Amino acid sequence: MSLQNDLTQKVIEAVKQLYQVELPSVEFQPTRKDFEGDITVVVFPMLRHVKGNPVQIGTQIGEYLVANVDEVSKCNVVQGFLNIVIEDSYYLNFFNSIFSENDFGYVKSQSDDAVMVEYSSPNTNKPLHLGHIRNNLLGYSVAEILKASGKKVYKTQIINDRGIHICKSMLAWQKFGEGETPESSGLKGDHLVGKYYVAFDKAYKEQIAELVEAGTEKEKAEKEAPILLEAQEMLRKWEAGDDEVVSLWKKMNGWVYEGFDVTYKNLGVDFDTLYYESDTYLLGRDVVKDGLERGVFFKKEDGSVWIDLTEDGLDEKIVLRSDGTAVYMTQDIGTAIQRVTDHPDINGMVYTVGNEQDYHFKVLFLILKKLGYSWAEQLYHLSYGMVDLPSGKMKSREGTVVDADDLIQNMEDTAASISQELGKLDGYSEEEKKQLYRTIGLGALKYYILKVDPKKRILFNPEESVDFQGNTGPFIQYTYARIQSILRKADDVKSSAVETSLELHEKEKELLKQIQLFPETIQLAAENFSPALVANYTYDLVKEFNSFYQQVSILGETDEQKKNFRVQLSQKVGELIQSAFRLLGIDVPERM
RNA sequence: GGUCGCGUAGCUCAGCUGGAUAGAGCAUCUGCCUUCUAAGCAGACGGUCGAAGGUUCGAAUCCUUCCGCGAUCACCA
């Protein structure tokens, strides 16, 4: 029951009365700041149904609305735009109706269907970096937004714990590690394993160079370097279940998981269920065999199995090797089906994976559709742009990465030094301060990443670092802290309803309009899988509040009614900031 | 070469699926702290929305072509 719906009916009614024509719809937009009014009806589209000049039509409709709709106090027409002024009492009524509502804007009833959101899904041979951070923040936030829009959500990740990459780390550790453990070296587990991944690559490159020196062709050398052959042998042993290899694998993966857990905790992300590639990599083969019988797939002479997607504008794609083993695609088919088996209420999945895999997911979704799964219509690849450095792509092997743990620490340090300079934290214990620096540092980082459209690539310049002023997380957190300060001083916040006869200040009215937009913002963000919409909404809200705060005295107001309303309004804005930021996984501070 | 994505102020980004004079932040410059937190507010400066056509009363937004950047086209994952 929004104002717009009401007005739509009234405008249709007006046109029917005036011109005996039934309009299919009415187009609205917020009134531009330079004109008087709150909401604007665009007259132009009506010209298809009503003959006449737009100004005249607008004027007549406006007169009708003023006469027949209580909330409309006056109207004016500029060109083909009918600007409508809404009564203050309408906004005050709206405010009263939501004031005591918790989590205003969230849909509280939960759908029966569930959505599974996959994100993170790292390899277990190296620590997480800035690219993973974008992935994690996006996935987590989209999951929270979907929840707030009324969906049941499972958060998951598939951990790529097997394959040649982890064997490389294992082998290098065996060769050069001398028994080093996280305990013995004090190194975080994932960093320790990553160190040996880099060591492997170094040794591998040296061997290639030696072979080339001795006259081998480069391409051949890359395939025949002894250390690579050893790693491949190790993978074969792992697949055969060799005790020694498997136990080393378990040990080193264990170190990595401990390290990841710390990073996830620092980032504030979590998962409901986990899948491990070592459990799922064999899945999918039966499905392919079944699909082969049903003619979805076809077999080539060498025994490999393919799907022909040329009619869909794609190519042929392999789904089973000639030796009968699974490829990446087979696995993903199997895993998807497994997930629905495990959680029968799933009707839809979101895969948070970089845009370099656009093609893979296009194919995957198409295959699942062709296999006839009803839920295959509800799959979405949350594709995001890479995070690049000024020097180019990040590469773990070459050490040109922005490490996740380092970056988080960095942000906290910056927050700490700014905070200390400002010196507003008298009375805070060291522990409280540390907590606050973390809140602000992470707030800056998370907002910085989430405010941009997922599709766009981000160029991250470590030198310039992330801002703390302007359109940033700390700016919004600061506004929240200010509001809390007011609320602490206004010890007697009345929860009683506000008199609807109050005359609104322009800034108050703008704030109320912005508040009204929150529910639809959440829905829009959910439909578009875009945390950026929530971030930008919050920024607009906060800007509006700061402007209000600057121009209007809250606690200094002598009229008790007005003062009480302003305090209540501030409180509500604070709550909104908090719940919007919760959707982004960002905390808000009581002081800063 | 085929396919997909991106291109808006010096820099970083918005622009609600076609509406009025394209908006913010950073940077530069100017004001505002004996009054609720100046990580703030108010203002100035800054644009042929990559280019050219087309559709429309109306285009940054939709269509076509071209240019630039990126990704992808593996019996790797």
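In the text below, chain A, chain B and the rest are named by the order of the sequence lines, each starting its count at 1. Just so you know, these numbers come straight off a predicted model, no measurement behind them.
Each of A/Lys507 and A/Leu459 has a nearest nucleotide on RNA chain B; the 5'-most of these lies closest to A/Leu459. Summary of the strand contacts: A/Ser419 and A/Asn83 both lie near RNA chain B, and taking for each the nucleotide with the nearest heavy atom, the more 5' one is attributed to A/Asn83.
Of the candidate nucleotides B/C36, B/A77, B/A39, B/A77 has the atom lying nearest to any side-chain atom of A/Gln357. Taking every side-chain heavy atom of A/Lys362 into account, B/U3 is the closest of B/G5, B/C41, B/U3. The A/Phe44 side chain lies nearest to B/C57 when the options are B/A39, B/A38, B/C57. For A/Tyr549, the side-chain atoms get nearest to B/C36 when compared with the rest of B/C36, B/A77, B/G15. For A/Arg457, counting side-chain heavy atoms from C-beta on, the closest listed nucleotide (B/C76, B/C73, B/C69) is B/C69. When each of B/G7, B/U37, B/C4 is scored by its nearest atom to the side-chain atoms of A/Ser485, the top-ranked nucleotide is B/U37. Side-chain atoms of A/Lys455 lie closest to B/G5 of the nucleotides B/G7, B/G5, B/A39. Out of B/A42, B/G15, B/A14, the shortest distance to the side chain of A/Val452 is found at B/A14. For A/Lys489, whose side chain is taken as the heavy atoms from C-beta onward, the closest listed nucleotide among B/A39, B/C73, B/C36 is B/C36. Taking the side chain of A/Asp453 as heavy atoms from C-beta on, and the options B/A14, B/A77, B/C41, the nearest nucleotide is B/A14.
Counting non-hydrogen atoms under 4.0 angstrom, A/Ile486 reaches the backbone sugars and phosphates but no base. Within the nucleic acid shown, A/Tyr448 has no heavy atom closer than 4.0 Å to any nucleic acid atom. At a threshold of 4.0 angstrom between heavy atoms, the contacts of A/Met592 include nucleobase atoms, whether or not backbone atoms are also involved. Counting non-hydrogen atoms under 4.0 angstrom, A/Ile440 reaches a base of the nucleic acid. When heavy atoms are screened at a 4.0 angstrom cut-off, A/Ser322 is found touching base atoms of the nucleic acid. The residue A/Ile418 sits close to a base: some heavy atom pair falls under 4.0 Å. Heavy atoms of A/Pro30 sit nowhere under 4.0 angstrom from any nucleic acid atom. Within the nucleic acid shown, A/Gln551 has no heavy atom closer than 4.0 Å to any nucleic acid atom. Nucleic acid contact class of A/Gln29 (heavy atoms, under 4.0 Å, all strands): base. Nucleic acid contact for A/Tyr328: base, since at least one base atom lies under 4.0 Å from a heavy atom of the residue. Heavy atoms of A/Gln79 sit nowhere under 4.0 angstrom from any nucleic acid atom.
Between A/Glu239 and A/Arg162, at least one side-chain N (NZ, or NE/NH1/NH2) sits under 4.0 Å from a carboxylate O, which counts as a salt bridge. Under a 4.0 Å N-O distance rule, the pair A/Arg236/A/Glu233 qualifies as a salt bridge. Checked for salt-bridge contact, A/Lys543 and A/Glu510 miss the test: no charged N lies under 4.0 Å from a carboxylate O.
Ring geometry, A/Phe44 versus A/Phe81: the interplanar angle exceeds 60°, so the pair is classed perpendicular (tilted spans 30 to 60°). Note: A/Tyr549 and A/Phe545 have tilted aromatic rings, judged against thresholds of 30 and 60 degrees for the angle between ring planes.
Here, B/C16 and B/A24 have their C1' atoms 16 Å apart, quoted to the whole Å. For B/G7 and B/U48, the C1' atoms lie 16 Å apart once the distance is rounded to whole Å. Between B/C36 and B/C26, the distance separating the two P atoms is 23 Å to the nearest Å. Here the separation of B/A22 from B/U56, taken at their P atoms, is 24 Å to the nearest Å. Taking atom C1' in both B/A60 and B/A20, one finds a spacing of 15 Å when rounded to whole Å. Comparing B/G46 with B/U37, their C1' atoms sit 32 Å apart, to the nearest whole Å. Atom name C1', nucleotides B/U17 and B/G53: the rounded distance is 23 Å, in whole Å. Straight-line distance between the C1' atoms of B/A38 and B/G31: roughly 13 Å, to the nearest whole Å.
Taking the six-membered ring for Trp and the full ring otherwise, the centers of A/Phe475 and A/Tyr447 sit at least 6.0 Å from each other. With ring centers used as reference points, A/Tyr351 lies under 6.0 Å from A/Phe365.
In this model, a side-chain donor or acceptor of A/Thr40 finds a partner on the base of B/A20 within 3.5 Å.
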